[in-house]
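Comments concern the structure below.
Letters A, B, ... mirror the listed sequences (proteins, then strands); counts begin at 1. Quantities reported herein were computed from a predicted structural model and do not represent experimental measurements.
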Amino acid sequence: MDRRPTWLTLVMYVGAGLMAGLAVGPGLFLLIVAVQPAESAFFSVPTHPTGKNFVDAWTKGELAGPMLNSVLVTLARSVLNVLLAAMAAYPLARMKFRGRSTLFVLILATMMIPDQVIVVPMFRTIVSMGLVDTLVAVVIPFSVSAFGIYLCKQAFEQIPMSLEEAARIDGAGSVQVWWHVMLPLAAPTLSTLALFSMIGAWSELLWPLIVLQSGNKYTLPVAVNQLLGQFADNPRLPYAAAVMTLVPIVLAFIAAQRFLKPQMFSGAVKG
Amino acid sequence: MGQRWFVPWGFLLPAVSVLGVFFVLAFVQVGYYSLTRYTPFSADGPRWVGLENYRRLLSTDRFWWCLLNSFLYLLVTPAIIALSLLSAMVVEAGLRGTRSWLRVVLFLPVVTPTIVAAIAWQAALAERDGAINSVLRMVGLGGVPWLTEWPWTLVSAMLVTLWKGFGFYMMIFLAALLAVPRELKEAAHLDGASRWSVFRHVTLPSIFPVVVLVFVISSIAALKVFEELYVTVKGAPVEDQTVVPLIYDTAFERGDYGLASAIGITLFAVILAFSLVNLRLSSRRSQEAA
């Protein structure tokens, strides 16, 4: 290809700048509102930044518990999503058994059901299990997803059969093959799945809102949602709470961003 | 392979029980509830009423308004496709100084919890002193009631959907753009094709299936939208919102599980019909292309 004409390069730089601004703008805006003293004009250049709003939101909003709950729920959901999806995907990718293709279609079909449609019987089931108002109830229904199983199945199918056969000749059983051959070789996909589960779990609002009832069980988004409209004396507190909800997941994402490769998406796309 | 019958099922058991109980069984239950009168106060559980809920549903304006709004909400998909494709093209161009971070930065909105996004966007869209209305007034236009009046309430939630979603679809487009064979583009260029016609006649046709895919995924997501509306335009009456907020309102505010389930089944039918039509159309397209 020829060199890109200068004007096009300029347009692209401007576009890149605008898009990056659009992406980080709202977060920066939250931060600017949150670091100013309560009495200064709401939207202004922060000349005297302060951490007081964060301290107040943390103590008055009682956010320590929700922060811990969110971390626990997010960790549990990420680990379980990877583990259960990788387990289910192995026989679907590599074993012959009756009902395999029907089962896979059925699993994929669950993707078409909007979560919100089945929230009532989901809630009834949680009630009958006696799990209302527990963190376990937040985790269990979303501890595996059809999307995750699909992603892992795709990854396992890429692994050469010969590696599995070699392990079997050395006397490995199915569990050992799964653990020592499949999982390590599918690690990039599993990491991507963990990243997506983490993002989804940290942000989830509807389901925890329905199954959690007491303040000390709340996850962070639920706690922040309850915080809105309170604290009329300092409208900056919800902004401070929002920043504190945003920062951990952004840091975790940046630490894990090398697992965010476009190739992972092409795997998900080809089908 | 000669493994014993229980080996595959052992691996499948945990995932299948979770999906079976919480999705498949729950879905069957929704189908049953939709044919019953069922409230949180029904002491003896759901009571069979046949198609009564569906009749009520079709004769209430609230439902039709919400369904109409759900279809209006689909207008967000062209915007999502345009913005995510454009940003994928800019990222793919690999401008000096942006290579390492642009992709990651554009993904940040996807990572942002909806509640956090909503707090920021509410402030930007606030009627009296919001950033967007301040700008509109500066250029001599009147303020817009973004958070209180239909259809602006829908537009506001669509802005949040667009903002939170475009980075995700950008990655899908980026994968597709990177997969377009370089030689194909170079050959077209050597034949004297301009940049535009290389894009139009080489790049676009080869990523077309992915455009369809993004269209389908983002449309289904738009039909299922809940959180953006729930947190961004909390105050708006439910008939100014879409179908899923109506389900939430009917089930958890009004306690009418039967009617809520009927709405849920109807929405599922709409999504299913939409997906099947698209699948049919796109497979015909690719057959024609082949």
Heavy-atom cut-off 4.5 Å, strictly under: side chain, backbone, both or neither for A/L220 against chain B?
neither

Between A/V33 and chain B, with a heavy-atom cut-off of 4.5 Å, which part of the residue counts as in contact: side chain, backbone, both or neither?
neither

Given that the side chain runs from C-beta out, which part of B/V244 has a heavy atom under 4.5 Å from chain A: side chain, backbone, both or neither?
side chain

Which one wins on heavy-atom pair count under 4.5 Å against chain A: B/F173, B/Y248, B/Y32?
B/Y248

Can you tell me which portion of B/L272 sits under 4.5 Å from chain A's heavy atoms? Options are side chain, backbone, both or neither.
both

Given that the side chain runs from C-beta out, which part of B/L177 has a heavy atom under 4.5 Å from chain A: side chain, backbone, both or neither?
neither

So what's closer than 4.5 Å to chain B heavy atoms on A/R124: side chain, backbone, both or neither?
side chain

Quick one: what part of B/I220 sits under 4.5 Å from any heavy atom of chain A, side chain, backbone, both or neither?
neither

Contacting region of B/S87 [heavy-atom separation from chain A under 4.5 Å]:
both

Max heavy-atom pair count under 4.5 Å with chain A, selected residue of B/V90, B/L13, B/V105, B/V111
B/V111

Let me know if A/M244 has heavy atoms under 4.5 Å from chain B in its side chain, its backbone, both or neither.
neither

Looking at chain A, which one of B/A260, B/G20, B/A123 has the largest number of heavy-atom pairs inside 4.5 Å, strictly under?
B/A123

In terms of heavy-atom proximity below 4.5 Å to chain A, should B/V16 be classed as side chain, backbone, both, or neither?
side chain

Max heavy-atom pairs within cutoff under 4.5 Å with chain A, candidates B/A120, B/A117, B/G264, B/A131, goes to B/A120

Tell me whether B/K224 forms a cation-pi arrangement with B/F226, defined as NZ or CZ under 6.0 Å from the six-membered ring centre and within 45 degrees of its axis.
no

Under a 4.5 Å heavy-atom cut-off, does chain B meet the side chain of A/Y13, its backbone, both or neither?
both

Residue from A/L30, A/L83, A/L8, A/L195 scoring the most non-hydrogen pairs under 4.5 Å with chain B is A/L30

Count the heavy-atom pairs under 4.5 Å between each of B/V231, B/V18, B/T114 and chain A, then report the option with the highest count.
B/V18

With a 4.5 Å cut-off on heavy-atom pairs, point out which of A/I107, A/T9, A/L103 contacts chain B the most.
A/L103

Top contributor to chain B interface from A/P141, A/S143, A/G173 [non-hydrogen pairs under 4.5 Å]:
A/P141

In terms of heavy-atom pairs under 4.5 Å with chain A, the winner among B/W101, B/W9, B/F166 is B/W9

